[in-house]
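Below is one structure, written out as structure tokens; the observations come after it.
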Number of protein chains: 2
Amino acid sequence: MGHTQPHGYDKYAYEPFAVTVDLAVLTIRSGALHVLLVERGQDPYAGHWALPGGFVEPSESAETAARRELAEETGLADVTGLHLEQLRTYSEPDRDPRMRVVSVAFTALLPDAPEPHAGSDAARAGWLAYDKPRPLAFDHDRILADAHEHVGTQLELTCLATAFCPAEFTLGELQHVYETVWGTALDRPNFRRKVLATPGFVEPVPGAARLTGGRGKPAALYRAGTATTLQPPLLRPNPEGRSA
Amino acid sequence: MGHTQPHGYDKYAYEPFAVTVDLAVLTIRSGALHVLLVERGQDPYAGHWALPGGFVEPSESAETAARRELAEETGLADVTGLHLEQLRTYSEPDRDPRMRVVSVAFTALLPDAPEPHAGSDAARAGWLAYDKPRPLAFDHDRILADAHEHVGTQLELTCLATAFCPAEFTLGELQHVYETVWGTALDRPNFRRKVLATPGFVEPVPGAARLTGGRGKPAALYRAGTATTLQPPLLRPNPEGRSA
DNA sequence: GCTCTTTATAGTCGCATTGACTATTAAGGG
DNA sequence: CCCTTAATAGTCAATGCGACTATAAAGAGC
């Protein structure tokens with residue numbers, strides 16, 4: 001990898017780029033937002049935490065590559081309820097010191113958090129608390145911040161919150177998703193009212209109730225409904241800087 | 001990593017891609033939504049209309065390339081009030097029959113519509129009514145539809161509508177932006193009330209009024225304010241399929 | 001047993017937003 | 001001088017939602 005000039009490769013009249021995917025995989029563990037990170041085994045940024053990701057292969061779309069990389073690099077294959085969504089593309093010329101890399105970033109939400117095992121390029125892989133592990137390699141701090149903001153906005157507008165929950169969940173657990181991602185407390189009766197008043201957001205599991213860890217009145221169980229958008233939206237209480 | 005690459009180009013351990021930008025440039029002309037299109041001069045899709053765009057150069061980010069291509073290919077350089085925003089990236093392996101091309105798509109909104117003049121690759125360039133010119137080349141029909149939906153959603157959530165308007169505009173013109181993009185009629189007094197009740201959306205131009213083409217009571221003029229988000233949002237009356 | 005704590009669930013009250021209206025004002029056209 | 005057209009002002013009821021209070025059902029501790 002010494003030279004910087006292409007030689008004998010004039011099939012294309014354009015400059016070739018490396019195209020990669022980066023994944024901001026979020027979940028809620030022990031009541032806090034966690035992100036899936038891998039420890040880089042080689043330079044640059046050896047020893048730093050980074051978002052999982054890798055090169056897109058010739059026959060793949062970026063979406064396909066994202067699923068493959070997630071499986072390869074962390075062993076999270078065929079996770080039920082994985083919600084994968086394109087975030088945006090990062091293409092600043094100097095974002096990778098080695099070469100020109102354009103990266104398509106994705107957000108992924110997981111209901112539960114099986115412990116990942118490090119794959120090919122990664123020294124380690126694991127769930128880290130969202131606030132902890134900075135700075136990340138490359139521009140991954142920014143990507144992760146963008147992903148967090150995007151998920152926060154999506155919670156306002158869509159039924160995405162169920163993607164953080166297992167197949168059956170209580171309304172308290174659903175509320176905890178909002179509180180964890182937004183970092184604010186919500187009024188429980190009002191949250192209930194809003195969720196139940198939105199057709200297709202959740203549907204009750206007949207006759208089922210769960211003891212929520214022990215204490216307190218057992219909560220009714222719900223499943224994710226068929227609706228995808230929240231109309232009207234469920235706006236977060238603190239209306240400051242949101243996406244454009 | 002797969003190595004199907006031809007002749008002596010092993011500088012990279014990955015497959016090189018062409019990276020392009022595609023622009024969905026929208027404006028309102030004669031009261032209807034128009035899109036900036038170029039007629040392709042060469043195969044594939046010679047003679048078809050396509051979104052303007054082109055290859056990202058080695059020293060550019062996709063955003064920079066988008067602005068350059070817009071200027072080069074259509075002569076729309078330094079347009080005042082151009083709002084450029086990344087939409088998403090299209091990376092299906094077969095989206096360009098010639099080769100592997102990953103394209104970062106942008107939406108751009110223009111207040112007025114200077115007539116473009118065709119540039120390098122384009123046989124012609126011009127504003128075409130949004131509904132008319134299908135099918136477009138490549139997967140540009142889908143990109144354009146995604147852009148339209150995205151702009152519609154942004155109108156609900158942000159102050160983006162002013163990007164379609166000249167520096168000074170009437171509330172009737174602003175309302176027309178919403179009606180044109182959404183394809184629905186809005187109640188005029190209610191629209192006024194909502195816009196004026198949102199701090200920073202518009203600010204009045206003191207003592208100015210415009211005869212709106214002649215007939216009717218002269219309308220007060222407004223300028224775009226400093227706010228970027230609409231809180232609470234301005235939801236479109238027909239709540240069906242929206243973005244995820 | 002009993003109370004205390006915890007959590008879920010039910011319901012109330014008032015304000016703010018919004019949809020559907022009606023009314024008035026100010027221009028141009030015949 | 002009345003028409004039409006468009007902007008602006010205002011009314012009224014339904015709904016949504018924030019801030020509450022109240023009740024129900026579980027375990028913990030004694």
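Fair warning: this is a prediction, and the values are worked out from it, not measured in the lab. Here is how names work: the chains are called A, B, and so on, in the same order as the sequence lines, proteins then strands, and each is numbered from 1.
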Between F191(B) and Y178(B), is the ring centre distance below 6.0 Å? yes

In terms of side-chain heavy atoms of K217(B), which of dT25(C), dT9(C), dC17(D) is nearest? dT25(C)

Under 4.0 Å from any atom of DNA chain D, heavy atoms only: list the residues of residues 187-195 of chain A that qualify, in numerical order. D187(A), P189(A), N190(A), R193(A), K194(A)

Closest non-hydrogen atom pair, G152(B) against R236(B): C-NH2, 3.4 Å

Sequence neighbours excluded, which residues qualify as salt bridge (Lys or Arg N to Asp or Glu O under 4.0 Å) partners of R95(A)? D22(A), D139(A)

Distance in angstrom units between H176(B) NE2 and dA7(D) C1', rounded: 16 Å

Whole angstroms only, please: what is the CG-P distance between L230(B) and dT17(C)? 13 Å

Residues E115(B), R29(B): salt bridge by 4.0 Å N-O rule: yes

May I have the distance from L235(B) (atom CG) to dG16(D) (atom C1'), rounded to whole angstrom? 12 Å

Please report the distance, rounded to the nearest Å, between CG in L196(B) and C1' in dT8(D). 10 Å

Nearest-Å distance, CG (L186(B)) to C1' (dC21(C))? 16 Å

Stems of at least 3 consecutive Watson-Crick or G-U wobble pairs (donor-acceptor distances under 3.5 Å) involving DNA chain D, listed by first number, are C:1-30 with D:1-30

Which residues pass the ring-ring contact (aromatic ring centres under 6.0 Å, His included) test with Y130(A), sequence neighbours left out? H148(A)

Kindly indicate whether the side chain of L144(B), heavy atoms from C-beta on, has any atom under 4.5 Å from the side chain of L26(B). yes

Results of side-chain hydrogen bond (donor to acceptor under 3.5 Å, both in side chains) for T180(B) - residues two or more places apart only: H176(B)

Between R88(B) and E63(A), is the closest basic N to carboxylate O distance under 4.0 Å? yes

Euclidean distance, atom CG of residue L234(B) to atom C1' of dG16(D) [Å, nearest integer]: 16 Å

Tell me which pairs pass side-chain hydrogen bond (donor to acceptor under 3.5 Å, both in side chains) where either residue lies in residues 188-197 of chain A, with sequence neighbours left out. D187(A)-N190(A), N190(A)-R193(A)

Between Q175(B) (CD) and dA7(D) (P), how many Å, whole number? 8 Å

